[in-house]
Amino acid sequence: MIIVLVGPPGSGKGTQAKVLCGRLGVPHLSTGDMLRAAKKAGTLKQEYVDIMTKGGLLPDEAVIGLIDDRIKEDDCKAGFMLDGFPRTVPQAEGLASMLKEAGRSLDKVLQLDVPRDMLEERLVNRRTDKSTGQIYHLIYNPPPQDAELVHRDDDKPEAVGRRLDAYASMTAALLPYYEERGLLARIEGVGTPQEVTGRIAAALEIES
Ligand code: AP5
Ligand code: MG
């Protein structure tokens, strides 16, 4: 199964992908996680680090290359779940040509829908475990006492606003692109994470 998760910052893409990939036995490919890992390793261009910290989008070619390399790896043979890629029509076209070249195709694009006023609150209270990558929320899903937590640089209020604006301008074209191709399923992203997983499972016709 090849699935794309689309949704604004804080809509629960990472939270849902971790659960669903475990169930489906496919890897979770998050361009945001890959870029943060490259930043930590010191291999991400300073220009790109600055764009991410401010909450802007990287140039299409930077992320298309990352995904093109990653999906050729063995663990992607049975499928994969993309989180945060594609975000623009050129990225969607890039993905389509990578898949076509490999004789594969996209099964579904899941759009997680959450109102903007709830997103800021989710992001400000998000913490991630440094070693496991587990995502927590200080109120709804509190971390254990021994977790080593990180608060993302781009979860500061000014960067959050820019990220939400970047998403709004990006989706204007990306969602109709997938709707026209009959691939888009809209998922209500409000409710408990378990409720949202149930809605996604129904859309994918898998056991919840
Ligand atoms: P990326 O890491 O993808 O960030 P994002 O899209 O802004 O999304 P987030 O990771 O912030 O949110 P999420 O939807 O995963 O929510 P989560 O599950 O954590 O990208 C970061 C940056 O990298 C971009 O800004 C850009 O610079 C660059 N980049 C990445 N991809 C790119 C691309 N394709 N092109 C160009 N640039 C790119 O949940 C959030 C919080 O909510 C958590 O605290 C969680 O516990 C809580 N929560 C989750 N579900 C629920 C629920 N149902 N109820 C209550 N709380 C919930
Ligand atoms: Mg995420």
Side-chain angles (χ1 to χ4, degrees), residues 4-21 28-40 44-45 47-68 70 81-95 110-129 133-143 147 149-156 158-171 174 187-200:
V4 167
L5 275 178
V6 182
S11 57
K13 301 182 295 297
T15 301
Q16 294 301 326
K18 283 184 197 305
V19 176
L20 291 157
C21 287
H28 168 204
L29 312 186
S30 155
T31 36
D33 288 349
M34 291 178 195
L35 294 166
R36 280 184 290 278
K39 178 183 164 191
K40 200 172 160 197
L44 190 66
K45 280 189 198 170
E47 183 196 341
Y48 294 170
V49 172
D50 294 343
I51 294 175
M52 283 183 77
T53 306
K54 287 185 189 140
L57 289 188
L58 265 59
D60 292 327
E61 58 277 14
V63 284
I64 290 174
L66 271 182
I67 293 296
D68 197 12
R70 181 64 184 86
M81 185 172 284
L82 290 163
D83 156 5
F85 178 91
R87 292 187 197 224
T88 63
V89 170
Q91 290 180 21
E93 287 167 343
L95 176 65
L110 303 164
Q111 177 204 350
L112 281 177
D113 211 8
V114 177
R116 183 164 174 149
D117 55 355
M118 293 181 83
L119 298 170
E120 295 185 23
E121 194 273 341
R122 285 191 186 183
L123 293 172
V124 169
N125 289 297
R126 171 171 51 194
R127 299 292 183 277
T128 309
D129 187 293
Q134 181 62 45
I135 302 163
Y136 296 103
H137 185 282
L138 293 178
I139 301 157
Y140 309 131
N141 181 19
L149 301 174
V150 283
H151 191 195
R152 275 171 45 178
D153 289 347
D154 60 352
D155 278 347
K156 297 196 177 95
E158 57 285 9
V160 164
R162 271 192 222 108
R163 285 161 63 205
L164 292 169
D165 291 344
Y167 178 80
S169 51
M170 170 275 283
T171 45
L174 188 66
I187 309 288
E188 173 67 59
V190 179
T192 65
Q194 293 74 18
E195 284 167 343
V196 178
T197 307
R199 291 175 201 140
I200 295 178

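All ligand and atom numbering here is 1-based and tracks the order in the structure. As the structure is a computational prediction, the values presented were derived from the model and not from experiment.
Using a non-hydrogen distance threshold of 4.0 Å, G7 does not register as a contact of ligand 1. At least one heavy atom of T192 sits less than 4.0 Å from an atom of ligand 1. Heavy-atom separations between P193 and ligand 1 include at least one value shorter than 4.0 Å. Taking a 4.0 Å cut-off on heavy atoms, R36 registers as neighbouring ligand 1.
Counting the atoms of ligand 1 from 1 in the order shown, those under 4.0 Å from a heavy atom of L35 are 23 (O), 28 (C), 29 (N), 30 (C). Residue contact check: M52 has heavy atoms under 4.0 Å from atoms 22 (C), 23 (O), 27 (O) of ligand 1. For ligand 1, the atoms sitting less than 4.0 Å from at least one non-hydrogen atom of I135 are 18 (O), 19 (O), 43 (C), 45 (C), 46 (O), numbered in the order shown with element in parentheses. Shown in contact with G14 at under 4.0 Å from a heavy atom are these atoms of ligand 1, numbered in order with element: 13 (P), 15 (O), 18 (O). Atom numbering of ligand 1 starts at 1 in the shown order; those under 4.0 Å from a heavy atom of Y136 are 43 (C), 44 (O), 46 (O). Listed by number with element, the atoms of ligand 1 under 4.0 angstrom from any heavy atom of L57 are 36 (C), 37 (N). Within the listing of ligand 1, atoms 11 (O) sit less than 4.0 angstrom from a heavy atom of L123. Near Y140, with a cut-off below 4.0 Å to any heavy atom, the atoms of ligand 1 are 55 (C), 56 (N).
Ligand 1 has a nitrogen or oxygen under 3.5 angstrom from a nitrogen or oxygen of R126. Residue-to-ligand polar distances place T31 within reach of ligand 1: an N/O pair is separated by less than 3.5 Å. For ligand 1, the polar-atom distance check finds an N/O of T15 within less than 3.5 Å of one of the ligand's N/O atoms. Residue-to-ligand polar distances place G12 within reach of ligand 1: an N/O pair is separated by less than 3.5 Å. For ligand 1, one of its N or O atoms has an N or O atom of S11 under 3.5 Å away. Considering backbone and side-chain atoms together, F85 places no N or O closer than 3.5 Å to any N or O of ligand 1. Between Q91 and ligand 1, an N or O atom pair is found at a separation short of 3.5 Å. Considering backbone and side-chain atoms together, G84 places an N or O closer than 3.5 Å to an N or O of ligand 1. Any N or O atom pair closer than 3.5 Å counts here, and L58 shares at least one such pair with ligand 1. The shortest N or O to N or O distance between G191 and ligand 1 is below 3.5 Å.
Of all the heavy atoms of T88, none lies under 4.0 Å from any atom of ligand 1, so neither backbone nor side chain is involved. Only the side chain of R152 comes within 4.0 Å of ligand 1, counting heavy atoms alone; its backbone N, CA, C and O stay farther away. Only the backbone of P8 comes within 4.0 Å of ligand 1, counting heavy atoms alone; no side-chain atom from C-beta on gets that close. Contact annotation for R163 and ligand 1: only side-chain heavy atoms (C-beta onward) come within less than 4.0 Å of the ligand. With a heavy-atom cut-off of 4.0 Å, V190 does not touch ligand 1 at all. Neither the backbone nor the side chain of Q16 comes within contact range of ligand 1; no heavy atom lies under 4.0 Å. Heavy atoms of V63 found under 4.0 angstrom from ligand 1 belong exclusively to the side chain.
Checking L123, D113, L119 one by one against P8, the side-chain contact (heavy atoms from CB on, under 4.5 Å) holds for a single residue, L119.
Summarising the geometry of G191 relative to V196, their closest heavy-atom pair is O-CG2, 4.4 Å, with the distance given to 0.1 Å. Heavy atoms only, all atoms of each residue included: P193 and Q16 are closest at O-NE2, 3.1 Å.
In this structure, the separation between CG on L149 and CG on L138 is 7.5 Å, given to the nearest 0.5 Å. Separating the CD atom in Q91 from the CG atom in L58 is a distance of 9.0 Å, to the nearest 0.5 Å.
Taking 4.0 Å as the cut-off between side-chain N and carboxylate O, K40 and D33 do not count as a salt-bridged pair. D165 has no carboxylate O lying under 4.0 Å from a charged side-chain N of R162, or vice versa, which leaves the two without a salt bridge.
For atom 12 (O) of ligand 1, the closest heavy atom belonging to the protein is G10 N, 2.9 Å. Among all non-hydrogen protein atoms, the one lying nearest atom 38 (C) of ligand 1 is R87 NE, 4.0 Å. Looking only at protein heavy atoms, the nearest one to atom 50 (N) of ligand 1 is R122 NH1, 3.7 Å.
Remark: side-chain polar atoms of T31 are paired, donor with acceptor, to backbone N or O of G84 under 3.5 angstrom. In this structure, D68 contributes its side chain and I64 its backbone to no donor-acceptor pair below 3.5 Å. With hydrogens and angles disregarded, a donor-acceptor distance shorter than 3.5 Å links the side chain of K13 to the backbone of G7. A donor-acceptor pair is defined here as one N or O able to donate and one able to accept, closer than 3.5 Å; no such pair exists between the side chain of R126 and the backbone of D155.
In this structure the side chain of L29 never reaches within 4.5 angstrom of the side chain of L66, judged on heavy atoms. Y48 places none of its side-chain heavy atoms less than 4.5 Å from the side chain of L35.
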- request: Any chance you could lay out the salt bridge (charged side-chain N to carboxylate O under 4.0 Å, His left out) test for K39 and D153, step after step, and finish with the verdict?
  value: CA-CA 12 Å; K39 178 183 164 191; D153 289 347; 2.7 Å; yes
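Relative to atom 8 (O) of ligand 1, the option among K13, M34, H137 with the closest non-hydrogen atom is K13. Around atom 24 (C) of ligand 1, the closest heavy atom drawn from G55, A166, G56 belongs to G56.
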